[in-house]
Amino acid sequence: MSLADFFSPINVSKITPKDGFYASHLGVKIAVHENRFPDIEEGNYDLAIFGVLDDRGAVNNQGCALAPDYVREKLYVLNEGSFKSRIVDLGNIKAGEKISDTYIALKMVVAELIKLQILPIIIGGSQDLTYAQYMAYEELEQKVDLVAIDSHFDLDESAEDTIVTNSISYLNKIFLHQPNYLFNFSNLGYQTYYVNQDSIRVMDKLFFDAQRLGEISGAIHIAEPVIRNADMISFDISSVRASDAMANGNVGPNGFYGEEACQLARYAGYSDKLSSIGFYEFNPAYDQNGQTAMLLAQMVWCFLDGFYNRKKDIPLQPKSDYTIYKTSLQHDEHELVFIKSKKTDRWWMQVPYPTMGSKNERFHLVPCLYADYQLAVAGEMPDLWWRTYQKLN
């Protein structure tokens, strides 16, 4: 089956401004599936944008299936940045007869694009589509680090034991999915009053990362290493405060500011490891003057800008581009090794595999902050080192 079979074309005339696009607009720069499906052989494009027109898994947010074209309308009138874009818009995946049909279509599309070295940018639709995005990595037989930017932990256990899930229980599906390809899960921006304490204990027991909104907001750089470690990201627009993005049935008064959401999206694009991202739960029915659609378009733009500024900052390749720092803890039970890129000033921490760990590698490199190095110099074990070591075990 060809990828073209999954997509419906875009009616560009419906989203073109009265005076048309300027030569610098993304609406001119992006190759659009309008009359003919684009040739997406490897090497033709770097990124593929597409919508998923399914919100049957949405809880209290029906209508978010209509999101993709509203975002396109705003995105296409933004100017190309200081990069030469090679972006294709594949159109929209229509809702299948059953929700499981939509999942399978999305899974196959994401897997195929990653194989072609094209990064998928998914505009949903409800956040349960994250489960299908995750299943694409099963197709690739690849371990996954997943980051969800969300005010809630979507771990509701009431869903039936089938492939079908919904926007408040999809994480449960991912955690229990067999075979298990999930290495790490991180949540950015959860709000404690939305999360029951049992869920927080589950996160701790599995050595997963969860950072409260209060920890990150106003210090958004703290989220960068977490995002740098992600293979895939699921961004729930309800994690942004209502005053900046009101177009969601579950939005609350607190959340990330619009500019913080854009910074998170830029970090995601800038990450050399990231291979897919989904923006979910935007509901045009609740929007006012297209404000949330414009914010989401700006977030996608910031992602593109980050992507085209990637530094290929893969640690120790070549070694001359990195500085290695070694420090001992107070009781000398461990020597901690940190690596700093001379190119970007970004930091990594070296965590040894346990005795029966990886046969091919002796160490696992995990992105970290300069603050983690300072903690180690002061003689304390960074929490990130310990949690990573336990996961490797």
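It should be emphasised that the depicted structure is a prediction, and the values quoted were computed from it without experimental measurement. Only heavy atoms go into these numbers, but all of them, side chains included; no hydrogens, no water, no symmetry mates.
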> Under 6.0 Å from the NZ atom of K391, do we count more than 12 heavy atoms belonging to anything else shown?
Replying inline: yes
> So does K342 have more than 12 non-hydrogen atoms from other groups sitting under 6.0 Å from NZ?
Replying inline: yes
Please list, chain by chain and in numerical order, all residues satisfying side-chain hydrogen bond (donor to acceptor under 3.5 Å, both in side chains) with [X], sequence neighbours excluded.
X    : result
Q211 : none
D54  : R56, T102
N187 : none

Which pairs pass salt bridge (Lys or Arg N to Asp or Glu O under 4.0 Å) with one or both residues in [range], sequence neighbours excluded?
range            : value
residues 250-279 : D145-K273, D231-K273, R266-D305, D272-R346
residues 174-202 : D198-R201
residues 80-92   : K29-E80, D46-R86, R72-D89

> For W347, which residues count as a ring pair (Phe, Tyr, Trp, His ring centres under 6.0 Å) partner, sequence neighbours excluded?
Replying inline: Y325, Y370, Y373
> Looking at residues at least two apart in the chain, or sitting in another chain, which of them share a ring pair (Phe, Tyr, Trp, His ring centres under 6.0 Å) with Y257?
Replying inline: none
> Stepwise, does the side chain to side chain donor-acceptor pair (under 3.5 Å) test hold for H221 with Q263?
Replying inline: CA-CA 9 Å; H221 69 280; Q263 184 62 63; over 6 Å; no
Go through the structure and list residues passing side-chain contact (heavy atoms from CB on, under 4.5 Å) with [X], not counting sequence neighbours.
X    : answer
Y22  : S24, H25
S239 : I149, F235, F256
A48  : V88, L90, L113, I118

>> For a quick check under 3.5 Å, do Y389 and H364 share a side-chain donor-acceptor pair by atom type?
In response: no
>> Run D128 and I99 through side chain to side chain contact (heavy atoms under 4.5 Å, CB included) and show every step you take.
In response: CA-CA 10 Å; D128 58 300; I99 196 167; 3.6 Å; yes
> Out of D287, I237, L75, V240, which residue meets the side chain to side chain contact (heavy atoms under 4.5 Å, CB included) rule with L296?
Replying inline: I237
>> Give me each pair satisfying side chain to side chain donor-acceptor pair (under 3.5 Å) with a member in residues 105-120, each pair once, sequence neighbours excluded.
In response: none
